[in-house]
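Step one of this worksheet: look at the structure below.
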Number of protein chains: 4
Amino acid sequence: MTKVPEEPEQQRRLPQQARSWARFNRILDAAAELFAEIGYESVTTDEIAARANTSVGGLYRFFPDKLAVFHAVVERYLNQLREMFAALHTEETTQLPLEVYIGQVIDAFDQFVTANPSYRAVFVQSRLVSTEIMAMDTAFNQEIAQQLSAFFALRNPALEASQRDLLATVSVEVASALEILSLTRDSKFQHLVLTEAKKLLFIYLRQYFPD
Amino acid sequence: MTKVPEEPEQQRRLPQQARSWARFNRILDAAAELFAEIGYESVTTDEIAARANTSVGGLYRFFPDKLAVFHAVVERYLNQLREMFAALHTEETTQLPLEVYIGQVIDAFDQFVTANPSYRAVFVQSRLVSTEIMAMDTAFNQEIAQQLSAFFALRNPALEASQRDLLATVSVEVASALEILSLTRDSKFQHLVLTEAKKLLFIYLRQYFPD
Amino acid sequence: MTKVPEEPEQQRRLPQQARSWARFNRILDAAAELFAEIGYESVTTDEIAARANTSVGGLYRFFPDKLAVFHAVVERYLNQLREMFAALHTEETTQLPLEVYIGQVIDAFDQFVTANPSYRAVFVQSRLVSTEIMAMDTAFNQEIAQQLSAFFALRNPALEASQRDLLATVSVEVASALEILSLTRDSKFQHLVLTEAKKLLFIYLRQYFPD
Amino acid sequence: MTKVPEEPEQQRRLPQQARSWARFNRILDAAAELFAEIGYESVTTDEIAARANTSVGGLYRFFPDKLAVFHAVVERYLNQLREMFAALHTEETTQLPLEVYIGQVIDAFDQFVTANPSYRAVFVQSRLVSTEIMAMDTAFNQEIAQQLSAFFALRNPALEASQRDLLATVSVEVASALEILSLTRDSKFQHLVLTEAKKLLFIYLRQYFPD
DNA sequence: TATGAATGAGACTTCATTCAT
DNA sequence: GATGAATGAAGTCTCATTCAT
């Protein structure tokens, strides 16, 4: 639980050259994997550097300390998720039947989690690694819930704001939990659980959104 | 109250005297708190001992190493949860209306989690701390899901086993996720979320259990 | 390399009762074995106590600290050796042919070392354990050499004192080294080496003691 | 000069640069001194590092643990002794009169021991430090005795092998013991004892090697 | 008086971070 | 700019010694 340096110094220098950028990303990839595999504290900066085919010194050119690497990993995930959700909420989305919409969201999230196997294991640690990162994480969850809540408002303007927020928060949590559950066994199980997740959310939400 | 395991060298010596027993539990309490607060790796054995009002040496009389302390913490939680579920599934339970049954389970779990605030944060770490503990954890989840599945069988013998198991697993996961969510803000929020959890599970499960 | 408490406190109380005395000796036996097996520093007071069928507390009733146990072990060996040498040097000994005398001494020493298998391994450590014990050890060697030198004087009064002392010292050292060598393999080897030792010393000493 | 071993993980990394090499040797020197002065167990890795003008971390770059340092110290001595003995046994040596040969060997060994004052105290510990090191030590002694035995064979082909081996083993032991003894007092004593050692071995061996 | 639980100093070892090359 | 050797603070665990029971 170390303090993180102030924003401007968060990353020592944004890589300006292609080579640097590649290395920067390799470090983040390596770090994400390792954090997921053995946990933040157990990962050594040497290991990250080695897996990223660079040296400790190389790592410290981009990040002021180990915590900053974790921070950057989390931030990259959040940005990717943000993009994903943005892509999902175009104007036309409002017109989709609830069932279809739910299916799209769950599938998109599933693709993300499948494509980023370390995502989940990294996130469960954020609370423990630093309060600042925990806050970032919580804020993101609320941001997503807000987006969903706004979306609900469009669908049913009669719904009270507090009610909408609650629905959104609960939905996000349930979707997230079942997505993670789906990954714990084979791909048949994965499919079954995701199907069940869609049914569950649909049956739950349709009370509030009569068509 | 809670059973203490005797795997070879899991624990060095079981407390024989009331005094020792108290110390043993103080260590477990302190450890659970600390693991939850700052994570397994960040906790030092000195800290655990200090918070338990004893010395490192005292800790090492009961546990061969730091990992064994974590193990014992997890095991104590699992045993407490087992007891709780056992108490919940008496003969009469089968007669209860589904809605009432769901309410009882969620309330019981809520009481447990409220009484053991470190529970969740300890569990999300088990995967990272040791594969053995992760396995223990996974096995427990399946044990609980099995119990629930068996209970479902009594309610609706027509349901296929695989179907029941899926329902049970999903329900446990959803209940768990929402319970955790309920604790993230104030007690009003807690109440709202738990109420929503009950509604959600009821509406989901009643499809399979007509009355 | 800790300082040893002054003589009067060397042993906390000389055991006055038979039971105490037995325990005292059991401790010394256990300690000698352990020191020989794994070395002074590696031996724990708990181990000594356990092997002597008593408790640490019991050990500390007889000895102020661990070093005092080592000290007592060494002292017991030295006293036994003193007795042995005294028994060997009666009046008549002076009349024995040199060859017979040498044979008697070597055989006696061999019996002692065989009967006290830990003796050697304990002694090689004394230099490292405490300077005081090292001094005790050195003093003993000189004491023995002195006795031998005095014995030489009786046999050949013409020999200069310094010459005698040198002969005695060298003889003790050689006998000791070969005795230890004899123990490193099987009993056949032991016999061969001891025989060789007798021949070696005889051929060496007879120059100075013409019959 | 001295060969450095490369058993798996015996040493972490061989020094590549002159600077590192110097540090490596400083560590070995410091360690040898300390082991001789206060014994393996009493030496701390911090002390070794400090006396070698480096940090603990520096020590652990070269050696995986404290035991490996001891191992390396012993190995360095053995290699130096091997070199010494090899240099002593050229073709012409066979022609030397026995008395001259004995004188050369004892003087060479004396030079080695004088130049390496920690040698003896390190070796008497090997038995206690690790069985592997003890074995290495024993094997070396036999290697030397074998060499000597082979040399005896050239001098007197009529001698039986077992007889030769015994002579060689006894001679090595006696030479070694007296060399050690010679170092326990002043240089006058040293000279006297070494002279006596030469006489002793000559008178003993000449029986078997009638010029 | 005997026992063995408790204490805590201190040992070994790791690893984040720096900096000479 | 890149490398990786060096530093040393800090963590885990042991064990001599004490003392309540």
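Numbers restart at 1 for each chain; the letters A, B, ... are given by sequence-line order, proteins then strands. Fair warning: this is a prediction, and the values are worked out from it, not measured in the lab.
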> According to the Watson-Crick and G-U wobble definitions, with both distances under 3.5 Å, which nucleotide is paired to F/dT21?
Replying inline: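 Across any shown strand, F/dT21 pairs with E/dA2.
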> Which one is paired to F/dC13, where only Watson-Crick or G-U wobble pairs with both distances under 3.5 angstrom count?
Replying inline: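 Its partner is E/dG10 (Watson-Crick or G-U wobble, both distances under 3.5 Å).
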>> Among F/dT17, F/dA2, E/dT13, which nucleotide has an atom closest to any side-chain atom of D/Lys66?
In response: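 So the side chain of D/Lys66 is nearest to E/dT13.
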>> Please pick, from F/dC13, F/dT18, E/dT3, the nucleotide with the shortest atom-to-atom distance to any side-chain atom of B/Val56.
In response: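 Of the candidates, F/dC13 comes closest.
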Under the 3.5 angstrom rule, does the side chain of [X] hit a backbone N or O of [Y] as a donor-acceptor pair?
X: A/Tyr40; Y: A/Leu67; value: yes
X: B/Asp137; Y: B/Ile133; value: no
X: B/Glu41; Y: A/Gly39; value: no
X: A/Arg127; Y: B/Ala36; value: yes

Rounded interatomic separation in angstrom, taking [atom1] from [X] and [atom2] from [N]:
X: B/Glu47; N: F/dC13; atom1: CD; atom2: P; value: 15 Å
X: B/Ile38; N: F/dG11; atom1: CD1; atom2: C1'; value: 12 Å
X: C/Phe63; N: F/dT18; atom1: CZ; atom2: P; value: 15 Å
X: B/Arg23; N: F/dA20; atom1: CZ; atom2: P; value: 14 Å
X: A/Leu59; N: F/dT3; atom1: CG; atom2: P; value: 12 Å
X: D/Glu41; N: F/dC15; atom1: CD; atom2: P; value: 9 Å
X: C/Asp65; N: F/dT17; atom1: CG; atom2: C1'; value: 9 Å
X: D/Leu34; N: E/dA11; atom1: CG; atom2: P; value: 13 Å

> Which comes earlier along DNA chain F counting from the 5' end, the contact point of D/Asn53 or that of A/Gly58, where each point is its nearest nucleotide?
Replying inline: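 Nearest nucleotide further toward 5': that of A/Gly58.
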Distance test, side-chain N/O of [X] to OP1/OP2 of [N], below 4.0 Å:
X: C/Thr45; N: F/dA16; value: yes
X: A/Ser42; N: E/dT14; value: no
X: B/Thr54; N: E/dT7; value: yes
X: C/Thr44; N: F/dT17; value: no
X: C/Arg19; N: E/dA2; value: no
X: C/Arg61; N: E/dG4; value: no

> Going by the angle between their ring planes, with limits at 30° and 60°, are B/Tyr77 and B/Tyr119 parallel, tilted or perpendicular?
Replying inline: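 Judged by the thresholds at 30° and 60°, the geometry between B/Tyr77 and B/Tyr119 is perpendicular.
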> Should the pair A/Phe24 and A/Trp21 be assigned to parallel (<30°), tilted (30 to 60°) or perpendicular (>60°) ring geometry?
Replying inline: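 Ring orientation of A/Phe24 relative to A/Trp21: parallel.
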>> Between C/Gly57 and D/Tyr40, which residue's closest nucleotide on DNA chain E lies nearer the 5′ terminus?
In response: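 The residue closer to the strand's 5' end, by nearest nucleotide, is C/Gly57.
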>> So A/Val69, base contact, sugar-phosphate only, or nothing? Heavy-atom distance under 4.0 Å.
In response: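 If one applies the 4.0 Å heavy-atom cut-off, A/Val69 turns out to touch nothing in the nucleic acid.
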